[in-house]
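Report on the structure given below.
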Amino acid sequence: METLSLLADGFAVALQPANLLWAIVGVTLGTAVGVLPGLGPALTIALLLPITFHVPATAAFILFAGIYYGAMYGGSTTSILLNTPGESATIITALEGHRMARKGRAAAALATAAIGSFIAGTIGTLGITFLAPPLVEFALQFGPADYFALMALAFIAVSAVLGSSVLRGLTSLALGILLGLIGIDLQTGQPRFTFGLPELLDGINVIVVAVGLFAVGETLYLAARPQVNATLTPLKGKAWMTREDWRRSWKPWLRGSAIGFPFGALPAGGAEVPTFVSYFVEKKLSKHPEEFGHGAIEGVAGPEAANNASAAGVLVPMLALGLPTSATAAIILSAFQSYGINPGPLLLQNQPELVWGLIASLYVGNVMLLVLNLPLAGLWAKILAIPSPWLYGGILVFATIGTYGISQSAVDLVLLYLIGGVGYLMRRFDFPVAPTVIGMILGPFAEQEFRRALTISGGDFSVFVTRPLSATLLASAVLLLVLPLLLRRRA
């Protein structure tokens, strides 16, 4: 009852006219940022950090949270319509959503993404409200060996699920891990694979890799194969979901929410892993597995729900422990520091108006996003009427502008088109590109946890199999890799 009372006080704060205005600005800006390839909530919030000197803390965090949630909504739009993820967390959405768009079902894909995002966002916000303490306690049980085992499981799951060959998937994953290792080694302080370029000391931004592989690689592939019909199929029927679509989507929405929120609450859980796990689960449980890879609506509904639920989960360790589990959370944490506020166990006691006003604004923002996105589903789908040369030319322009806006570095632009060339070759020879991005995001973290676990154990490798949680995760990874091969041989 105390939680409900505090939440009611939070709604009193969130529903103030000024805070409602900040929420509307945040969700609208966040949706636009999510739609544009190459941009993202972390970059946008970083650019807006100077407002912390002029705006009250509650208003600023309502704005930032609106941008964060809005970007999770908007990121699916370009994934579905253009096969160009606006965010790394929407990579998986492109696999089925873009194929639905090519079949003339873009509006249905956009609608299931929007409704799934609303349901998952609401469930995730309920999780913040009621489940934060036990989830944080569970996250604290993970040691370095457990984190490494979790990353290993994620690597194998991604490589085994995507693409026509496990070997090709693992090769793509290895490329991503190599890209992630570029920069300064956090433990020794030594530069690795920088080739003497100061711009590479901080590593390669994951947005550069994601945009290069998907946007630039896709455009180069189409330009090199003019005989391929690149014209997207126009919309068919109403800009809405059929009864069959609803029947096939509601369970993935709930399952995706259940998968995404705990992953978001785990340090380094992020939004990428749960979206791939959700896709794998839906593919296994679907009554229409033959449709996966050809436009299965479950492959959009589940991952999009997992994406948005994980966004809510990310706020749990940030508010309760001061522990950012994503780039966006790290930027928001720096905003807290600008106000002289230290997130942690005492935050709920010292700043109840701020925390509960922020949580209540997430409920309000979810409703705003649904109202904003559903009527625009058909409008966004009109992008398909743009001639293909203009469309993909526009993708290159936005990808270039967005990438240059990250650091104003010419080196990033060179990397963008070099990686785009690699993306073209991967597309040409049927290598999945998603494992590359996942390997780049999680590879450095897996390396650090691996080395940390060995340091703590004095170099004893058995630490990975003597801890029950770590041993279970590694055993699951081995089964996931070996079982399909054994089943294939028996067949």
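Hydrogens, waters and symmetry mates are skipped; everything else that's a heavy atom, side chains included, is used.
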Residues in side-chain hydrogen bond (donor to acceptor under 3.5 Å, both in side chains) contact with [X], at least two apart in sequence or another chain:
| X | value |
| --- | --- |
| Ser257 | none |
| Ser361 | none |
| Thr122 | none |
| Thr58 | none |

Taking the side chain as every heavy atom from C-beta outward, state whether [X] and [Y] have any pair of such atoms under 4.5 Å apart.
| X | Y | answer |
| --- | --- | --- |
| Ile332 | Phe61 | yes |
| Phe148 | Arg452 | no |
| Phe336 | Leu354 | yes |
| Thr275 | Thr93 | no |
| Ile419 | Val216 | no |
| Glu298 | Leu285 | no |

[atom1] of [X] to [atom2] of [Y]: how many Å apart, nearest 0.5 Å?
| X | Y | atom1 | atom2 | value |
| --- | --- | --- | --- | --- |
| Ile92 | Asn307 | CD1 | CG | 11.5 Å |
| Thr400 | Leu416 | OG1 | CG | 6.0 Å |
| Leu110 | Glu304 | CG | CD | 9.5 Å |
| Ile359 | Ile128 | CD1 | CD1 | 6.0 Å |
| Leu413 | Ile401 | CG | CD1 | 10.5 Å |
| Ile177 | Ile182 | CD1 | CD1 | 13.0 Å |

Test your reading of the model: is there a side-chain donor-acceptor pair from [X] to the backbone of [Y], 3.5 Å cut-off?
| X | Y | value |
| --- | --- | --- |
| Asn366 | Tyr363 | no |
| Arg102 | His98 | no |
| Trp253 | Thr112 | yes |
| Ser278 | Gly302 | yes |
| Ser249 | Trp246 | no |

Which heavy atom of [X] sits nearest to which heavy atom of [Y], and what is that distance?
| X | Y | result |
| --- | --- | --- |
| Pro274 | Ala306 | O-CB, 3.7 Å |
| Gly180 | Pro444 | O-CG, 3.1 Å |
| Asn308 | Ser117 | ND2-OG, 2.8 Å |
| Ala152 | Leu474 | CB-CD2, 4.0 Å |
| Gly295 | Met100 | O-CG, 3.5 Å |
| Ala108 | Asp245 | CB-OD2, 3.9 Å |

List, one per line, each side-chain donor-acceptor pair under 3.5 Å for residues 434-443, sequence neighbours excluded.
unit_1 : atom_1 : unit_2 : atom_2 : d
Thr436 : OG1    : Ser172 : O      : 3.0
Thr436 : OG1    : Ser172 : OG     : 2.6

Test log, rule side chain to side chain contact (heavy atoms under 4.5 Å, CB included), inputs Leu63 and Val55: CA-CA 10 Å; Leu63 172 68; Val55 176; over 6 Å; no

Audit row: Thr125, Tyr69, side chain to side chain contact (heavy atoms under 4.5 Å, CB included) steps and yes/no: CA-CA 11 Å; Thr125 308; Tyr69 266 32; 3.2 Å; yes

Working for side chain to side chain contact (heavy atoms under 4.5 Å, CB included), residues Leu173 and Phe155: CA-CA 7 Å; Leu173 175 69; Phe155 289 153; 3.5 Å; yes

Electrostatic pair Arg247:Glu244 at N-O distance under 4.0 angstrom: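 A salt bridge is present here (some side-chain N lies under 4.0 Å from a carboxylate O).
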
Side-chain donor/acceptor pairs under 3.5 Å, residues 11-29, sequence neighbours excluded:
unit_1 : atom_1 : unit_2 : atom_2 : d
Asn19  : ND2    : Val13  : O      : 2.8
Thr28  : OG1    : Ile24  : O      : 2.8

Trace of the side chain to side chain contact (heavy atoms under 4.5 Å, CB included) decision for Glu282 with Phe292: CA-CA 9 Å; Glu282 296 308 325; Phe292 278 76; 4.1 Å; yes

Flag for Tyr279-Glu96: side-chain donor and acceptor within less than 3.5 Å: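 On atom types as modelled, these side chains qualify, holding a pair under 3.5 Å.
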
